[in-house]
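What follows is a short report on a single structure.
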There are 2 protein chains.
Amino acid sequence: MIKQIDGFSIGVLSERSGVNVETIRYYEKIGIMPSPVRSASGYRVYRLEHARRLHFVRRGRELGFSLDELRGLLLVVDGHTCSCREVHELTVQHLADIRQKIKDLRRLERVMSDMAAQCTRDLVPECPIIDALFEMRPGAYETGYARVRAERSSKSK
Amino acid sequence: MIKQIDGFSIGVLSERSGVNVETIRYYEKIGIMPSPVRSASGYRVYRLEHARRLHFVRRGRELGFSLDELRGLLLVVDGHTCSCREVHELTVQHLADIRQKIKDLRRLERVMSDMAAQCTRDLVPECPIIDALFEMRPGAYETGYARVRAERSSKSK
DNA sequence: CCTAGAGTCTGTAGCGACTACAGGGTCAAG
DNA sequence: CTTGACCCTGTAGTCGCTACAGACTCTAGG
């Protein structure tokens with residue numbers, strides 16, 4: 001049975017939470033983590049509540065919340081002003097972002113695997129991957145610019 | 001029929017490529033884009049080859065290549081030292097990264113949507129989303145740290 | 001008791017990939 | 001000749017850390 005009596009150092013907190021020592025100090029500096037009590041020699045002394053909070057932050061980061069979003073969530077946590085609706089909204093928005101990102105990455109995956117598949121590896125001097133990167137897909141970037149360009153060109157002619 | 005006679009300004013290149021003016025200058029500074037000829041008044045004068053190259057870079061960025069990776073690809077492009085194998089390797093590695101990212105995001109999506117679904121929105125004072133963030137999943141972070149922590153704790157006892 | 005090594009402190013600078021000014025010069029239209 | 005859009009350089013800011021430098025403190029071994 002391990003007795004964790006009172007406080008522990010930043011190094012222990014770091015190991016316990018898996019968050020880098022420097023990162024913990026950084027979190028303190030930007031107000032994500034509260035300034036803990038200091039020992040006589042100026043060392044930070046943490047308690048279980050800090051570990052709990054830091055775990056919350058780490059978990060939130062893993063789930064892709066920005067530190068700013070976490071700050072908001074922590075306000076809810078701290079102030080018991082549990083405006084559950086806001087939290088829910090943030091979560092749903094975040095979820096939508098994730099789904100969009102997945103969609104984008106899937107499209108990307110398709111393009112990349114096509115590119116890789118076309119490569120014959122050293123058989124021809126031309127590289128289809130390089131070519132694919134150079135290739136202009138019409139309509140991709142010309143949604144708004146083509147017109148402006150045409151105007152410009154005819155004007156400057 | 002539009003005649004693009006000779007050179008064009010950074011603004012035109014920006015519109016044409018969809019890359020920010022500042023970003024183009026930044027690319028020049030870090031050696032991704034070559035320094036173009038200057039007009040008498042010091043304005044950058046670009047040519048089609050620049051547009052082509054910038055398009056390449058933009059496309060690569062869209063596909064998630066880092067500027068450093070693109071630098072490598074551009075070396076291949078420039079030096080005709082088309083070591084196709086390297087390009088292919090880079091692409092395959094990149095593809096693997098993308099697939100991993102998709103996997104991670106899917107897991108994330110599941111967790112997030114579970115969290116959102118559990119939320120009863122203002123019915124109870126406890127917020128299941130917040131709770132979920134606080135919740136310690138055993139085994140998630142304790143792969144390497146638990147042992148170390150146990151050692152430390154028993155040592156420092 | 002002394003010393004070596006590990007841990008901690010503050011503060012600053014760096015990363016990637018930009019973006020946003022500030023404070024100037026230039027150019028074309030009216 | 002003025003106005004406004006464009007361009008120039010250079011620097012500082014963004015996000016979320018990470019990596020020092022240079023100093024202090026603590027602990028275990030000899």
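Proteins get letters first, then strands, A, B, ... in listed order; numbering begins at 1 in each.
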Lys NZ or Arg CZ of Arg16(A) over Phe8(A) ring: under 6.0 Å, within 45°: yes

Atom pair distance, as rounded to whole Å: CE in Met33(A) and P in dC17(D): 13 Å

Contacts of Arg99(A) that satisfy side-chain hydrogen bond (donor to acceptor under 3.5 Å, both in side chains) - sequence neighbours left out: Glu109(B)

Side chains of residues 90-98 of chain A: which donor-acceptor pairs under 3.5 Å do they make with residues two or more places apart or in other chains?
{"from": "Thr91(A)", "atom 1": "OG1", "to": "Val87(A)", "atom 2": "O", "distance (Å)": "2.8"}
{"from": "Gln93(A)", "atom 1": "NE2", "to": "Asp97(A)", "atom 2": "OD1", "distance (Å)": "3.0"}
{"from": "His94(A)", "atom 1": "NE2", "to": "Leu63(A)", "atom 2": "O", "distance (Å)": "2.8"}

Spacing of Ile24(A) atom CD1 relative to dT8(C) atom P, expressed in whole Å: 9 Å

Donor-acceptor pairs are to be reported for all side-chain atoms of residues 20-30 of chain B against protein atoms at under 3.5 Å, with residues two or more places apart or in another chain.
{"from": "Glu28(B)", "atom 1": "OE1", "to": "Arg44(B)", "atom 2": "NE", "distance (Å)": "2.7"}
{"from": "Glu28(B)", "atom 1": "OE2", "to": "Ser35(B)", "atom 2": "OG", "distance (Å)": "3.4"}

N/O (side chain, Arg44(A)) to phosphate O (OP1/OP2, dG7(C)) under 4.0 Å: no

Ser113(B): side-chain hydrogen bond (donor to acceptor under 3.5 Å, both in side chains) partners, not counting sequence neighbours: none

Residues in side-chain hydrogen bond (donor to acceptor under 3.5 Å, both in side chains) contact with Glu49(B), at least two apart in sequence or another chain: none

Letter per nucleotide, 5' to 3', of nucleotides 17-30 of chain C [B base touched, S only sugar-phosphate touched, - untouched; heavy atoms, 4.0 Å]: BBSB----BBS---

Short side-chain N/O contact from Arg38(A) to OP1 or OP2 of dC24(D), under 4.0 Å: no

Inter-end axis angle, the helix from dC1(C)-dG30(D) to dG30(C)-dC1(D), with every axis fitted to five base pairs (rounded, 10 degrees): 20°

ring-ring contact (aromatic ring centres under 6.0 Å, His included) contacts touching residues 33-52 of chain B (sequence neighbours left out): Tyr46(B)-His50(B)

Counterpart residues, side chain to side chain contact (heavy atoms under 4.5 Å, CB included), relative to Arg110(B) (two or more places apart): Arg107(B)

Touch class at under 4.0 angstrom, heavy-atom based, for Ile30(A) against every strand present: nothing

Atom-pair distance (CG on Leu70(B); C1' on dG16(C)), nearest Å: 13 Å

